[in-house]
Each structure stands twice: as C-alpha cells, then as structure tokens.
Amino acid sequence: MKLSKTYNHKEFESDIYDLWEKADAFKPSGKGKNTFSMVLPPPNANAGLHIGHALMFNIQDLVVRYRRMQGDDVLWLPGADHAGFETQVVYEKHLAKEGKSRFDFSRDELYSQIYEFVGQNRSNFDQMFRQLGASVDWNHFTFTLDQNVIDTSYKTFKKLWDDGLIYRGERLVNYCTQHRTSFADIEVVYEDQKTPLYYMKYGPFELATTRPETKFGDTAIAVHPEDERYKEYVDKTLEVEGINGTFEIRVVADEMVDREFGTGVVKITPAHDFNDWEVAQRHNLEAKRVINHDGTMNHLAGQFEGMTIAEARKAVVQALKEKSLLIKIDDDYQNRVAKCYKCGTTIEPMIMDQWFINMEELAKPAIKALEAGKITFYPAAKRQQTIDYLKNVRDWNISRQIAWGIPIPAFQNVDDPDEWIFNENVHEHTLEIDGKSYRRDPDVFDTWFSSGHWPYVTLDGPDSEDFKRYYPNALMETGGDILYPWVSRMIVLGVYLTGEVPFKDVYLHGMVRGEDGRKMSKSIGNVVDPYPLLDQYGSDAIRMGMISGRSAGESASYAPAKIVAGRNFANKLWNVARFVEGVLEDKPGKPDSKANTTADHWMLRDLQQSINAVSSLLNDYRFSEAFDTTYHFVWDSFADWYVEASKREINPSMLRYGLESVLKLAHPFAPFVTETIWQTLDWTGETLLISQEWPKAPSYDDKQAVIFEEIKTIVAEIRLIRSSLQLKKVNLYFTDVDFLKDHGALIAGLAQLEGVHEVEAGQGLHLTQTSYSCWLDVDKETMDRYREKLEKQLTEAEKQRDGYKKRLDNEAYVKQAPKKLVDETKQQLEDTNTLLANIQKEIERFS
RNA sequence: GGGUGAUUAGCUCAGCUGGCUAGAGCACCUCGUUUACACCGAGGGGGUCGGGGGUUCAAGUCCCUCAUCACCCACCA
C-alpha cells in the first residue's frame, strides 16, 4: 500500500472507529484476571461537548486502552444526563423565543415536550463520542431517565424513608423567584456586591438592615446578651411605630448578634433570612412569610402587596422617610449575596415544605470508609477535603419545583397534610387508598440524587452479573469541580446501598482555561470549540495536545502549540512507518526481537526502559509524563537514531518488531493513526492494534548496546565540530578501534562523513569526548579556529571537576550519603578528569 | 473569617517518596534537500525554580514566613 507523504486524519478516522466498533473491540472481554471498570461521567444530553469534555474523554480513553492491552476485562460505560434544571432552563429559553413561558403548561405537559426536545439533539451527541475516539461499550449506554435509574432512585428513597434518614420538613431553603424552584446549598453561588445599608428607627432602637422590605415579616428584635446598652429591653415586648401604625414586637438576646456591627440591634425575619431562622428556632419565634414564590410581596405587606422585592424596597424606604423613621443610608456597604447560578437572580430564602436527607447520619459510614483509605485520590489532598466537606455538610434538600426530572414517589393525604405515603404510581395525580385521598407531590428529585447512584445503577445493582463483576469501579475520573456535588454523593450513596465504596481510585482533572489563562466564558469570548480543531488537526492531535503538560487536579490554559505538536507527532509516526514499509517492500517476513546489529541492542535497551517507565507511569495515572516518555522514545531514539542507523545496517525483522512496539506503546495516546498504520502493515493480517497485548520489555546484550552508545558519542562530537567549524567535507581517521572497523559505513552515514579510514598514526583534530583514538582530517588553520571552542569546553569541564571534588572532599557527604551515590560521584570525577586531559592535550597540540 | 492550590526558560506547562550539569512543546539563532517526514534533519542560545529565613552531607522538592494570583467553604444583619 502506498502511503501519502503526510498523515491526513480525515481520510481514516471515521473508518477506523467503524472498524473497531464492528469488531466489538470495545466490549468487555469477560476474561482476564483483573477487571477494570469505569463510568463515563454522563455529559448533558442536550448540550454539545466542549473542550473540557475532550480532555475528560481523552484521559479516560487513554486509561481504558492501556488497561485493555494489559489484558484486563475492561468496561467503560457511557451515558447521557438529562441534566434536570440545566436542560429545563434551555427549554425555557426556547419557549421564550416562541413567546411562551413554562408556566403556560402543566409539569406533565412540559415533561413530554422536553423529552422530545432532548430526543432531537441526541443523535448528534453519539457522533461526538465517536469523533473523540471514545472506546466505550455502547451496549451499556445508560440515560439518566432510563427506567432502571428511576426504579433504583425510588428504592433508595424508600429505603432512606424506612431508615428514617429522609424527612419532610418546613425549612428555609434557597429559592430562585425567577425559575421558581428551590436549590441545595451547594448549588448557590455568591457574589460580592454593594448593597445599601439602611439605618432606621425601630421603637427605642436604631438598627441597620439591607432588607427594609421584609420588615412586615419581623417577629423579634435581637441584641447581644451582654450588651449593656440594651439590657433593659431584653425579653420585653415593645410597642413600636411602623409604617402603618404601631405593632408589638419582642426583644430577644442572642449570641448571634455582633455588637460591633451597625448599632448592635438586628431585626429578626425568620421567614426570609437563614440567620434569623436559626434565632427563631432558639427563641420559639413565629415565621411570617411576606414574599410570594413569584417574588412579589403578599398581603402582609399591606399597601406594598403585589410589588416585586426591588419595587417594595424602594417604596418602603420612601414610606419610612415620610414617617421620619429612616435615619441614614450607607451606600458603601459591601456584602455577599446568594445568586441563582443560571440567571443571577438573588436567591430568596423561603420557607418551604421539602424532602431533606439527613446527611450527618447518612455520611457517617462513607466518612469512615474514606478515613480508612478505601479510596485513593489523585491528587491525594482531595481525600481530606472530601472528608471535611462530608463532616460539615448540612441536610440535603432533594425537592425541585421543576418538570424535567424524576417525579418524587410520595403522596400526601388531602385531609391530613402530615400524612405522607410512598407510592411509585407517579403517573397518577391522586390515589384513593382505604377511603383516603392522596395527592402526589408535584416536585421532582434533584438530578444529583439520581446521578449519585451512577456506578451502582449503571451496573443494575445489586443482583446482576455485571454488578458482581464490575462493582466497585476501578476508577472514577471526572472534573475536580464536581467533587462535592457528584463524587462525594456517589461515595455516600454507594456505601449506604452496598456497604462498599463505589470506586477504588478517584482521579480529578483540572479545568481547561482559555488561551488567555482565564476561566472560559461565553461573555469573555475565550471559549474553545473542539470541533473545528478536530477537523483541522485530527482527534489524535487534540488528545496528545490536551494531555501533555497536565497534572492531576491542576487547571491549565488551552495551548494550541501543544495540539500542533501532537499533530506533528502523529505525522512522525506515519512517516516512520512509511520508511519501514518502503524499505521492507521486497523483504517479506515477520517481526522478531532477536538482535543482530549493535543498533538493535541499543534500541532494545531503550525500548525496555521506555516500556517499563510508561507502564509504571500509567499505573500511577501520570499521563503527561507517560506521553513524554513515549514521544521521546519514538522520536529521539527510534526515528532519529535507530531508523537512521537502519539506512546503513539493516535488520528487517527487528525493524518490524521495533515499529510494532512503537505502535503499541503509542496507541493509547494516538489511537487513530497507530491503528491506521497497523492496518497497512503486510504481516498483521486481520488483527486490530486496539486488541493487541501491551509490549513486554525485551532483553538485549548490554555490551553491544554500549558500543552503539559510543558510536553515538563519536557521531555527536563530529556533528558538533562540523557545525561549529562549518566544515563541508571531512574524513575520520582512527587507529586500532575494532568497532570502527566494523561500523565505518554506519558512522560515515550518521555523521555525513566522506569516509572512515584506519591509519598507523593520527593526524588532524583529535576527538575528546571518546577515549578511543579518532581524528578528523582538518588543516592547521581550521584547528586554530576550533581552539576557542576547546577552551570553553575546558573551562566548563574544570568547573564540573571542581564540583565533584568539592563533594568528595566533604567528609559528611562521603560518610552519610548512600554508597551508590558516592561511587557515582567518584566515577564522574574520573571521567571528567579523562575528558580534561583529552582537551588539554588537544589544546597543547595546537600551540 | 477559614481552607486548598499555584508562583520554574520569551509563552504554555512537567518535575512521585529530597540525590547526575533543572526538563518538554512552542518561539528564537546558525546550518542543511542525505533511501520516511520542512508537520523535517543537524547544531546552538536562554532559567541561581516569587522574596526572606530554617532543616540536611544534599532543597525546585521538606518546614516557617512574606508577597502576588486563582479556587473552595462559611449565616455577618
């Protein structure tokens, strides 16, 4: 087969993926002494993949291909996420374009509409996986709204209910009045902003507040218990003048009050402030809700009813002014305000009846497992962070007032609001049981509740064969940003349901930042779309470019130069193969690791080291270093030296063996190009590279390898001399060096010499880096020009010698450092002395 | 207010349990068309590893401290 001069990924990539797929190459083998299972964190089914996904897919596919070649029974399980709230927000925007709102439809209607909407975007999504070369087992593909996911979530809900770990309660929750749903604490983002701080008269007090509009919900005034200024009022009920006449209010003493802040007096609005809620619990205060779910004021706000929060604030301040109750406004006050992470609306703490999971209790066994080191984290520090998070986490609100999600399987007695029953007939709105009527909870689960089951539910736990074989997963690889919302919950729920951690290793990758080093964001305009890149450079190039120079947990900028380097490397592989195939065209045969030439032995030595290094680095998830090692073995050792040497001294079966090894080693990093090449080889038959065994480290003769190393030294010095002296035609002379007799043509070829000749006595420029006697045939004038260079070398060598000497003169070093190290230094000193002598001799000869 | 991470060549970044003259890619300089590759080959220049202290025979690596930049957590009205 004739190969084109440069590798063109477009010609091959999609065919190669088809080839793998048709051969069932991604299917778990069901054999092997080790299983290696991993779930692909399901991307949002309704959104395209971004460059961060590309990194994630690449890392995971790399691990999976390596494991497969190691002979493991590999299951890489793909999926898609319905992404509840996220997707509903997208759909709401879609509705808005048509002039509609989600509130025009019932939740059931919305659900079917969104289901269809998401379905339309799905085919696209599968294509993206293929372009990235993801060797996932498509047979195990799971969507987060598949029936078994729903069933499992219901079972867990019931179990939590029965175990008393879930409760229905009226609590203050984070609520977005724009999207009209509550959130878990972790979903709220905070923003620094300037909020006017209003000082107002409040009976005998002056107090400061950022929220004058909630004063109709005030049910107490709080002061610090030890604040002398206000001691006389504590526990009294005061008559206070407000906007609409006077009202009564209690004064309580509570540690929460900071005497230094404002006037040291706080109005307590339990229904609209988390702090105040706590105070209310301690002092048995009533909570009066004054804001509706749509963000308007209710009847308790009197003439302000129906106004939005912002309007009401203005109006209330105006009214306070008119009543001379407003003292001053501090416009410089900075505080942190909770925001909806989607629309930026200020989060309103709202009293709502919701389902909460008792996290303190539920997390206990998970914390124990983490503390016992049942899971290894990469980077390691994330383990303690997870433990700390779980130890402090508050109860988890899992109710969401949206349509797109798994309906909560709970029904409430119409006549007795305190009676709830568990029932999975969520397609019914009402149930009649034993003469009692029940109404379904209209809410759905927080998406993270069901996805917290992922390693468990995708394997159809706990009775399936899959579950028995592949649980716990070997690895959970995902972005560091979802350690808390996802990883920690999978651990908690996994341990709760199975008594076992859901995965043994956790590898967290960092964020892909923009080229400018900032977080990618649409508004900054530094977002990188992977698809044009895939088209331009190819999948392998993106993969290598994304992986190189990255370490666990660290965010790093997108660097296009690395993608280019990846593309060039793919091309290097291609051309190495092109050379080998061209040169072997008329020499049919099989690969063989039996060494013949000195270059063979040297290459095998390097290959052995590289295989060992890459394997151990990949075992430790050190992807960047593993790639680096592979890259330099292929490019520097195999292409630049071994292939070059083969042009003079050829061993066809070793060339084949070397190429095969290169392809295997590089396959996890560059699957498409390596498989493409594999398919062009005339001795690989119908086999696939993806299914080959990981190369085993070969053996070699070290003496032979050392001879080639010496040849390299000689060639390198000749190249340096030629380059620095701008020599065109040179001959090498030597006396009595056996390997030079045998490898004259090789050296001449590698160093671009006119010839290599054995002579009786030396003439010209003596090589200094080798202990053998070799000369270049240069005249006196050229030698003089070289003198300066030699003197520089001498100075450097002297500096080095002094360093070694100093180290060895240090008694403490010789005594305390490992013997191996000291011996090494002695050897280095000796070598440097020899080198110095050589250089000195040369300089003297010129003088 | 707590916590974590980062600071290494012009740029983007590696550098695991302390140990050869601190690396890579890109960029830069000089040559170069030789049985694959100019997406190439050969050679070269460039960093006292943010500042300061300490531990050690030995520190980019460990400890303390300061500075700067990220991120996370927390209920300051």
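Below, chains carry the letters A, B, ... as their sequence lines are ordered, and counting in each starts from 1.
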### Task
Write out all pairs satisfying salt bridge (Lys or Arg N to Asp or Glu O under 4.0 Å) with one or both partners inside residues 261-283 of chain A, taking only residues at least two apart or from two chains.
A:D218-A:K267, A:D254-A:R282
### Query
When you check the side-chain N and O atoms of A:N810 and A:R807, is any donor under 3.5 Å from an acceptor?
no
### All ring-ring contact (aromatic ring centres under 6.0 Å, His included) counterparts of A:Y484, not counting sequence neighbours
A:Y389
### Task
Describe the nucleic acid contact of A:E644 in one word from base, sugar-phosphate, nothing, applying a heavy-atom distance below 4.0 Å.
base
### Message
Per the salt bridge (Lys or Arg N to Asp or Glu O under 4.0 Å) rule, what does the pair list look like for residues 555-573 of chain A, sequence neighbours excluded?
### Response
none
### Message
Protein within reach of the bases, or only the backbone? For nucleotides 12-17 of chain B, mark each nucleotide 5' to 3' as B, S or -, using heavy atoms under 4.0 Å.
### Response
BSSSS-
Pairs under 3.5 angstrom only: tabulate donor-acceptor contacts from the side chains of residues 637-645 of chain A to other protein residues two or more places apart or in another chain.
residue, atom, partner, partner atom, Å
A:S637, OG, A:D606, OD2, 2.3
A:Y642, OH, A:D600, OD1, 2.5
A:E644, OE1, A:K647, NZ, 3.3
A:E644, OE2, A:K647, NZ, 3.0

### Message
So, using side-chain hydrogen bond (donor to acceptor under 3.5 Å, both in side chains) as the criterion, who are the partners of A:T478 when residues are at least two apart?
### Response
none
Can you tabulate the close N/O pairs, meaning under 3.5 Å, that link protein atoms to atoms of nucleotides 43-45 of chain B?
residue, atom, partner, partner atom, Å
B:rG43, O2', A:S723, OG, 3.3

#### Entry: Qualifying residues under side-chain contact (heavy atoms from CB on, under 4.5 Å), relative to A:D682, sequence neighbours excluded
none
### With sequence neighbours excluded, residues passing ring-ring contact (aromatic ring centres under 6.0 Å, His included) with A:F261
A:Y333
#### Entry: Pairs touching residues 795-805 of chain A that satisfy salt bridge (Lys or Arg N to Asp or Glu O under 4.0 Å), sequence neighbours left out
none
## Note on the structure
Stems field, RNA chain B, Watson-Crick or wobble, 3.5 Å, at least 3 pairs, by first number, holds B:1-7 with B:67-73, B:10-13 with B:23-26, B:28-32 with B:40-44, B:50-54 with B:62-66
### Query
Which residues, if any, of residues 386-397 of chain A bring a heavy atom under 4.0 Å of RNA chain B?
A:R394
